[in-house]
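One structure is given here, and the rest of the page talks about it.
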Amino acid sequence: MSKMLEIRNLRAEVDNKQILKGLNLEIGAGEIHAIMGPNGAGKSTLSYVLSGKPGYTVTDGSARFMGKDLLAMEPHERAAAGLFLGFQYPVEIAGVSNLHFLRAAANAQRKTRGEEELSAGEFIKIASKEAKALGINPEMLKRPVNVGFSGGEKKRNEMMQMAVLQPKLAILDETDSGLDIDALRIVSESINRVMRRPDRSVLLITHYQRLLDHVKPDFVHVLVKGQIVRSGGAELALELEREGYGELVA
Amino acid sequence: MSETKNEAALEALARNDRYEWGFSSAVDQEFAPKGLNEDIVRFISAKKGEPEWMLEWRLEAYKRWLEMEMPHWAKLKLPEIDYQDAYYYAAPKAKPKIESLDEIDPEIRKTYEKLGIPIEEQKVLAGVSGAREVAVDAVFDSVSVATTFREKLQEVGVIFLSISEAIKTYPELVKRYLGRVVPVRDNYFSALNSAVFSDGTFVYIPEGVRCPMELSTYFRINAANTGQFERTLIVADKGAYVSYLEGCTAPQRDENQLHAAVVEIFVHEEAEVRYSTVQNWYPGDENGKGGIYNFVTKRALCDGARSKVSWTQVETGSAITWKYPSCILKGEESVGEFYSVALTNNYQQADTGTKMIHIGKNSRSTIISKGISAGHSDNTYRGLVKVGGAAENVRNFTRCDSLLIGDKCGAHTVPYIEVRNPSAKVEHEATTSKISDDELFYARQRGLNEDEAVALIVNGFARDVLQKLPMEFAIEAQKLLGISLEGAVG
Ligand SMILES: Nc1ncnc2c1ncn2[C@@H]1O[C@H](COP(=O)(O)OP(=O)(O)OP(=O)(O)O)[C@@H](O)[C@H]1O
Ligand SMILES: [Mg+2]
């Protein structure tokens, strides 16, 4: 069986600046991986390269997603194949309601996969259920995407989108930052509920152990200067929390 | 060699896809001789079997037109138009008078079916919840070919028929109002239209009547080299209400075609008229070849106290658009509204906006304009807010937003404000923004392809205006904005 994600010797640059410098990473189905590392190490860059953001140029290496050449796919094809990126900074879209956006996304993915679209009724049922699970006020579904949302609300909204879209691989970029204590618990629960399944995988990008208390990773990696410099189990995060990056960043 | 031919064919196909309404129909037609002179004016009038007074009116207008010059103040690169090189009258060669809807030429019927326009008496867009009955006047080239729901409307006293019939059936009404709001010599194109208009729609809503359904006119230019000059006259008597929709499409042709319509709306005391347009004339191809020249004069007179007019327009078509739906707010506490989305792509040029002329005390107006420019196009909002000396406590709010897609297009906002009464409160807000890469990527990451992402963001930008449209039209307009921008990014 092929891996969920296989990254080999990935090198990528943005504005002619080399950020990823030969990165290797394998994620198996059913696994939860965490990536930690100092500011500016290239964690968000990795998430953008994997999701196909324009402006990020791959200069070497490969990335395969469930056996397919990920880097050859358009961003929307990657999404339809099951790749979800929880943004570190979710984007505001004026004049487009949250509900409309999410339905457009869900149906666009279905269209790309050759599946039938969801009716308005079916969709609203699913969306309301997920909103409730995340403690999102139904009124917020009618508001324009992320416009005027608080930092924590934006992150919850990302989780709501993930829950509705049901991806195979979720890359969650600092989804825990900006969350209050209760929200952290609610968000963690939804990650576990939606993604902890034998056919799904998560790549958590985080700075703090507290998220990992709730969403227990199978593997932890340290990304420094565009490379994975150390990997280990859940205990590695605890060690980093105690001792800092120390030697690793030198 | 054959390779390039193939490519050209494929390209044409791709183009065809973008302008879905670009087909032409094989309908047997009758033309007036090419060119414009007094005899042509007489020819048109005779063809329509018009009374003498109407012919006199036309001939007077023709004389005025000869004395006038084409206006050049708009920010448009206007080509020389050879007015002698066009046909001024084209009519389907069917029976002169159609007794029932079943007698419509099948080719014409097919045309409207292809366009999705119901010329049967049926509910529009079956399957859309809340779809209402809409009465339709279908104008094919210069002639009205069908008007639906006439009897049902007559029961409540609403008159809805082609203007040529109205001239014969209700001469007093037409005489009383024609040219009252847009005088013959108002401008070059209104004079031209007055001389040669061939058909259009007449609506009269009697005192106290709320029109029981939406009324609509669908204009279709089919014949080549033919100018289209419709005349629409809407009268809302005291306390009446009507919502009126106008849609337009044309085949894809390499030559430019002239369209110079006049719409006049007369609104009595406490009456309200909502006029919505989705203008989708053929815009020309990627290189700016072909397309309709759209020079339109639309004006409403809020004559009575507390009368109200709102213009909502979605302009995606035409090579050149020159259009300023306006309100003369004469009645006390009268209200004028203008909601506009104007989208230009490729080499389209649009110079559009409104005039709010405040004469009555406590009159109010709102202007919301959303301009979207892509490709090499040029998009100008031009608006006048004028407050007369006797108009106390006038309020106006204007908001103009421009959205740029790419860096080869232009967006311009030209507001004119003339205030002669110090009690007036006039506000103007304007913004210009570019479609953001982050927004596009966010939408694409969630599964939308590039065109869908652009359409979604543009629809969000235009939302304040789109939601003013009747629902069926709003859905149509949303799709249209997306289709008109396909391939605009990237
Ligand atoms: N457009 C750009 N031009 C030049 N450098 C850039 C550009 N975008 C990002 N960078 C740099 O790339 C490096 C990696 O950035 P990235 O956002 O991936 O870091 P990160 O690991 O996610 O950091 P943090 O923990 O602060 O979120 C940083 O040094 C950043 O300044
Ligand atoms: Mg980051």
Side-chain angles (χ1 to χ4, degrees), chain A residues 47-48 50-56 73-98 100-113 115 119-121 144-147 154 157-158 160-162 164-167 170-171 173, chain B residues 127-130 314 339 341 343 368-372 399 401-403 405-406 429 431-469 471 474-475 477-479 481-482 487 489-490:
Chain A
S47 75
Y48 288 147
L50 293 177
S51 51
K53 186 169 180 174
Y56 289 75
M73 295 157 81
E74 291 279 318
H76 74 276
E77 294 167 339
R78 303 182 195 199
L83 184 111
F84 178 89
L85 171 58
F87 284 67
Q88 185 172 359
Y89 304 107
V91 180
E92 302 186 358
I93 304 180
V96 179
S97 83
N98 232 346
H100 177 75
F101 177 68
L102 198 44
R103 179 161 172 234
N107 280 336
Q109 290 198 8
R110 284 169 168 262
K111 198 180 78 190
T112 306
R113 293 193 293 258
E115 296 167 13
S119 74
V145 181
N146 292 323
V147 177
K154 285 182 182 169
N157 201 31
E158 294 288 286
M160 151 106 187
Q161 295 181 7
M162 181 180 80
V164 170
L165 296 172
Q166 297 277 325
I171 303 170
D173 193 357
Chain B
V128 173
S129 65
V314 175
Y339 303 107
V341 176
L343 180 155
I368 310 270
S369 161
K370 304 273 180 177
I372 300 147
R399 181 175 176 97
D401 297 321
S402 305
L403 184 68
I405 300 173
E429 291 175 4
T431 65
T432 301
S433 53
K434 286 198 104 173
I435 198 160
S436 111
D437 292 342
D438 282 345
E439 277 175 82
L440 281 175
F441 178 63
Y442 191 61
R444 294 172 76 191
Q445 205 304 302
R446 294 299 182 250
L448 280 74
N449 69 30
E450 196 156 50
D451 285 335
E452 290 165 340
V454 170
L456 180 100
I457 292 163
V458 165
N459 273 301
F461 170 76
R463 187 192 138 116
D464 293 348
V465 173
L466 295 177
Q467 66 187 14
K468 300 287 178 190
L469 290 169
M471 187 180 64
I475 294 167
Q478 277 174 19
K479 283 195 206 135
L481 291 179
V489 171

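Throughout, a chain's letter reflects where its sequence line sits, starting with A, and its residues are numbered from 1.
In terms of non-hydrogen atom pairs under 4.5 Å with chain B, the most contact-rich of A:V96, A:N107, A:T112, A:V145 is A:V96. Ranked by non-hydrogen atom pairs under 4.5 Å with chain B, the options A:P144, A:G52, A:P75 are led by A:P75.
A salt bridge links B:E452 to A:K111: one of the charged nitrogens lies within less than 4.0 Å of a carboxylate oxygen.
Residue A:E77: no heavy atom, backbone or side chain, is found under 4.5 Å from chain B. The parts of A:Q109 that come within reach of chain B are both its backbone and its side chain, each placing non-hydrogen atoms under 4.5 angstrom from that chain. Within the 4.5 angstrom heavy-atom criterion, no atom of A:L102 approaches chain B. Of the two parts of A:A80, neither the backbone nor the side chain holds a non-hydrogen atom closer than 4.5 Å to a non-hydrogen atom of chain B. Of the atoms belonging to A:L165, it is side-chain heavy atoms, and not backbone ones, that fall under 4.5 Å from chain B. In this structure, no portion of B:A462 lies under 4.5 Å from any heavy atom of chain A.
Of all heavy-atom pairs between A:A108 and B:G447, the closest is CB-O, 3.2 Å.
Between the B:Q445 side chain and the A:L83 main chain, a donor and an acceptor come within less than 3.5 Å of each other. Formation of a donor-acceptor pair under 3.5 Å by the B:E439 side chain with backbone atoms of A:V91 is not found in this model. Under a 3.5 Å cut-off, the side chain of A:Q161 and the backbone N or O of B:R446 do not form any donor-acceptor pair.
Residues A:H100 and B:L456 have side chains in contact (heavy-atom distance under 4.5 Å, counting atoms from C-beta outward).
Atom CZ of A:F101 and atom CG of B:L448 lie 7.0 Å apart (nearest 0.5 Å).
A:N146 and B:Y442 share a side-chain donor-acceptor pair at under 3.5 Å.
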